[in-house]
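First comes the structure, then the notes that go with it.
To find a chain, count down the sequence lines: A is the first, B the second, and so on, and within it residues start at 1.
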2 protein chains.
Amino acid sequence: MHDDLHEFKADFFKALGNPLRLRILDALRDHEKSVSMLQDELAVEQSTLSQQLSILAKKGFIVSRKEGTLNFYRVKDPDVYRLLDLGRTLFERHLQSSQRLLDALSSVEPRNK
Amino acid sequence: MHDDLHEFKADFFKALGNPLRLRILDALRDHEKSVSMLQDELAVEQSTLSQQLSILAKKGFIVSRKEGTLNFYRVKDPDVYRLLDLGRTLFERHLQSSQRLLDALSSVEPRNK
DNA sequence: ACGTAATATTGTGATATCATAATATTGTGA
DNA sequence: TCACAATATTATGATATCACAATATTACGT
């Protein structure tokens, strides 16, 4: 049921499926930052950064506030960090089980071929 | 720091950024299912389904168990549903605030141009 | 009004992702 | 061993995403 919902939800997760966008969100954990602050911190092309900020804003993850010529971005819903942190937990759990598998394989057949 | 980590983490979220893969995960909430069961339930091309299952498996979201000619898939870490549900919550919250914005706009200027 | 800093937008080519179609593999029963 | 069912893999073309470069916009100080 509700296949359209999956379409929207996929869009939501897709926004998180990019390393630069994740770095931006992480950079905004503590407080808002201007584009140039983010540019210094993340060391990426100005237009690239601006594009990814625009995508995050369009998807509703961040909002901006203009102050003169500066544009400050901040996270709209801080609970997104609960999502990111939970993702990290699951991801690390997966890495660990992969590692255990590799360990098991290498101890059972340490020298094949 | 740890920009490589963001690369991996983005990969993780990217796996969730596809409507069919979300539908597959939702279909596997209660119990394992064979490919043909999923095929009936989701009504997608056989090869498409197989490919997306393979992607989910490669990323560690699901594992499979062969029984004769059937292949049963199940979710590896059920906590992934906590992630999906949290995503839905945040997503709906975003939709609601967008809706409020639209409502506010339409009530303030109901007939411009 | 002019110049400049900060940011956004647009154009473009490379790469990734997707669905479909065609083909290959594997297991089972006759 | 043959045929068939279940699934996987490969090939292909369409579309999406990405980073970079170039250009445009906007606000401020002079």
Margin query: Please evaluate residues B:Lys9 and A:Leu22 with respect to the criterion side chain to side chain contact (heavy atoms under 4.5 Å, CB included), reporting the C-alpha separation (whole Å), side-chain torsions for both, the decisive distance (0.1 Å), and the verdict.
Written below: CA-CA 8 Å; B:Lys9 221 171 144 185; A:Leu22 289 181; 3.8 Å; yes
Next item on the list: Could you list where the contact with chain A starts and ends along DNA chain D, reading 5' to 3', using a 4.0 Å heavy-atom cut-off?
Entry: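 The contacted stretch runs from D:dT17 to D:dC28.
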Note to self: Pairing check on D:dT25: which nucleotide meets the Watson-Crick or G-U wobble criteria with it, both distances under 3.5 Å?
What the structure shows: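 Base partner found: C:dA6.
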Notebook entry, point to check: Who does C:dT28 pair with, Watson-Crick or G-U, both distances under 3.5 Å?
Noted result: D:dA3
Might you list the N or O atoms of the protein lying below 3.5 Å from N or O atoms in nucleotides 3-6 of chain C, with each pair's distance?
{"from": "C:dA6", "atom 1": "O4'", "to": "A:Thr69", "atom 2": "OG1", "distance (Å)": "3.0"}
{"from": "C:dA6", "atom 1": "O3'", "to": "A:Thr69", "atom 2": "O", "distance (Å)": "3.3"}

Checklist line | Passing candidate, salt bridge (charged side-chain N to carboxylate O under 4.0 Å, His left out) with A:Glu41, options A:Arg29, A:Arg23, A:Lys33 | finding: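 Answer to the salt bridge (charged side-chain N to carboxylate O under 4.0 Å, His left out) test with A:Glu41 among A:Arg29, A:Arg23, A:Lys33: A:Lys33.
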Next item on the list: Please list residues of residues 39-56 of chain B whose heavy atoms come under 4.0 Å from any atom in DNA chain C, ordered by number; otherwise none.
Entry: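 Hits under 4.0 Å, by residue number: B:Glu45, B:Ser47, B:Thr48, B:Gln51, B:Gln52.
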Check: So, B:Asp77 versus A:His94: side-chain donor-acceptor pair below 3.5 Å or not?
Finding: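 Result is no, nothing qualifies.
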Next item on the list: Check whether more than 12 heavy atoms from other residues, nucleotides or ligands sit under 6.0 Å from atom CZ of B:Phe72, and answer yes or no.
Entry: yes
Note to self: Given 3.5 Å as the limit, does a donor-acceptor pair link the side chain of A:Arg88 with the main chain of A:Leu83, or not?
What the structure shows: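 Looks like no, no N/O pair under 3.5 Å.
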Next item on the list: Give the ring-plane orientation class for A:Phe91 versus B:Phe12, where under 30° counts as parallel, over 60° as perpendicular and anything between as tilted.
Entry: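 A:Phe91 vs B:Phe12 ring planes: perpendicular.
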Next item on the list: Look at all strands and tell whether B:Phe72 reaches a base, only sugar-phosphate, or nothing, counting heavy atoms closer than 4.0 Å.
Entry: nothing
Notebook entry, point to check: Which comes earlier along DNA chain D counting from the 5' end, the contact point of A:Gly68 or that of A:Arg21, where each point is its nearest nucleotide?
Noted result: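 So the residue in question is A:Arg21.
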